Amino acid sequence: MTDIFTKRKRSLIMSKIHSRDTKPELKLKNLLEKRGFIYQPKEFGRPDFINYKKKIVIFVDGCFWHKCPEHFVKPATNAQFWKKKINENARRDKEITLSYQCSGWRVIRIWTHQIKFLKNKKLIY
Ligand SMILES: [Zn+2]
């Protein structure tokens, strides 16, 4: 699939994807903080949320940066650069997940596109 956006539009999208305090993420933050999670702790792999007591880490993965199977669109320019960078991210995601799991942690990965569906559901943690 090639990029359907113009260069300017793409860079605008990228900048939005890159910012961490996005609105849906803040909603999730409010929900989880009530349940004992800490937002963006300085821990290995930079999880978005951590609950030390329950040993749960949550990662909110951006659709572009972490190669979401539904929304990832291959950029038309610098294809090689992006491919390398994004595959590297995906590889590192797996590494981090495994590392936590091996130490007895539960790892939850959420795509940013899934957050909007969470608001009406009860979180079970
Ligand atoms: Zn997605």
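Remember, it's a predicted structure, so these values are computed and weren't measured experimentally. Indexing begins at 1, ligand by ligand and atom by atom, following the structure's order.
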Please check: side-chain N/O of Asn51 versus main-chain N/O of Ile56, any donor-acceptor pairing under 3.5 Å? no

Let's go through Ile96 and Phe44 carefully: what are the C-alpha distance in whole Å and the side-chain angles of both, what is the deciding distance for side chain to side chain contact (heavy atoms under 4.5 Å, CB included) to 0.1 Å, and is it a yes or a no? CA-CA 8 Å; Ile96 292 163; Phe44 171 69; 4.0 Å; yes

Trace of the side chain to side chain contact (heavy atoms under 4.5 Å, CB included) decision for Ile110 with Asp48: CA-CA 10 Å; Ile110 306 169; Asp48 290 282; over 6 Å; no

What protein N/O/S atoms lie closer than 2.8 Å to the Zn ion (ligand 1)? Cys63 SG, Cys68 SG, His71 ND1, His113 ND1

Residues pairing under salt bridge (charged side-chain N to carboxylate O under 4.0 Å, His left out) where one sits in residues 89-101, two or more places apart or in two chains, turn out to be Glu88-Arg91, Arg91-Glu95, Asp93-Arg109

Contact between Ile108 and Phe49 at the side-chain level, heavy atoms closer than 4.5 Å - yes or no? no

Parallel, tilted or perpendicular: ring planes of Phe64 versus Trp82, cut at 30 and 60 degrees: perpendicular

